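Some notes on the structure that comes next.
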Amino acid sequence: RPLAGTPDQFHQDLGESIRAIARATGTVPLGYRAPVAALDWPAPWAFQAMRDAGIIYDSSVYPTRLFVLAGSANAPRAPFQTPTGVWEIPLSVAEVCGQRFPLSGGFYLRAMPFGLYRRLIQRENAAGRPVILYVHPWELAHGFPCRILVADVHKRSVNQFLDPRVNVHIHPSRCCERATSSEYFL
C-alpha cells in the first residue's frame, strides 16, 4: 500500500518500516520489497527515498504486466544498479512465446504445473539467469487457514505440491548456491 500514496508518504512509510524492523530485530534492514512487488519501473523518487533511508538493494520490480497487480514489461530482467546507487533485483520471469510469465513464487509457484515450472527454471538457469524464488511463511505451514475463494487450490498446492518443489529447487545440495543479501552486497 505505501506506493499508492505520494512520494512523501512513501518516504515517511519507508522510514517508519525500517525503524519498526530495527526495533523488532535489532538489525537495520538493508533491502526493501514493496507489497505485492508493486514498484513500477522506472520510479526514481522511490529509489531516491530508499537510498536516503540506507537501503542498498530492492526486489520490488516485476518485469512483466502479465497476471500481476503491478509490473513493468519494459524493466530489465537481470539485476541492475539504479542511478541512485540502489541495486534492483527484479523478480524472475520466463519468456514463453514472446510473453514474460511470472516465475518467482507466491501464487505462480503454487499454481503453475510442476513439470512446466521446473523446465522454465532449468531454462533460465541454462541461459545464465539465476531464478529468484520466494515463499510466504504460511505456504510452508500444513493446515493453514484458507480465507480466500480458491482455498482448494491453495490447500492442494501447499500440502501436496509445494513441498516437493522446495526439496527439488531450493534445497542447496540439489540445485543451487544460497547467499544472504548481506553476503552478496557487502
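Note that the structure is a prediction, hence the values are computed from the model and not measured.
- No side-chain heavy atom of Tyr57 sits less than 4.5 Å from a side-chain heavy atom of Pro79.
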Just distance, no hydrogens or angles: give the donor-acceptor pairs under 3.5 Å from side chains in residues 15-23, sequence neighbours left out.
unit_1: Glu16; atom_1: OE2; unit_2: Gln12; atom_2: NE2; d: 3.1
unit_1: Ser17; atom_1: OG; unit_2: Asp13; atom_2: O; d: 2.9
unit_1: Arg19; atom_1: NH1; unit_2: Gly15; atom_2: O; d: 3.3

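- Looking at every heavy atom in both residues, Ala34 comes nearest to Tyr32 through N-CE2, 3.5 Å.
- Inter-residue side-chain proximity for Phe101 and Val93 is flagged as unmet; no heavy-atom pair is nearer than 4.5 Å.
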Under the criterion side-chain contact (heavy atoms from CB on, under 4.5 Å), I'd like the reasoning laid out for Glu95 against Arg77: C-alpha separation, chi angles, the key distance, then a yes or no. CA-CA 10 Å; Glu95 218 163 276; Arg77 291 173 64 187; 3.6 Å; yes

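- For Asn74, the side-chain contact (heavy atoms from CB on, under 4.5 Å) partners are Trp41, Ser72, not counting sequence neighbours.
- Within the 4.5 Å cutoff, the side chain of Ile89 has heavy atoms near those of the Ile132 side chain.
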side-chain contact (heavy atoms from CB on, under 4.5 Å) between Leu14 and Met50: does it pass, once the steps are laid out? CA-CA 8 Å; Leu14 179 63; Met50 288 181 222; 4.1 Å; yes

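- A heavy-atom distance below 4.5 Å is found between the side chains of Tyr62 and Ser104.
- You'll find the ring centres of Phe47 and Phe10 outside the 6.0 Å limit.
- You'll find the side chain of Arg100 reaches within 4.5 Å of the side chain of Pro63, heavy atoms only.
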Checking Gln9 against Thr6 for the side-chain contact (heavy atoms from CB on, under 4.5 Å) test, could you report, in this order, the C-alpha distance in whole Å, the side-chain angles of both residues, the deciding distance, and whether it holds? CA-CA 5 Å; Gln9 290 169 324; Thr6 67; 3.3 Å; yes

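- Using a 4.5 Å heavy-atom threshold, the side chains of Arg33 and Leu91 count as touching.
- Applying the side-chain contact (heavy atoms from CB on, under 4.5 Å) test to Ala94 and every residue at least two apart in sequence or in another chain returns Leu103, Leu120, Arg123, Glu124.
- Note that the CG atom of Leu30 and the CG atom of Asp58 stand 13.0 Å from one another [nearest 0.5 Å].
- You'll find the side chain of Val86 stays beyond 4.5 Å of the side chain of Gln81, heavy atoms only.
- A heavy-atom distance below 4.5 Å is not found between the side chains of Thr82 and Trp87.
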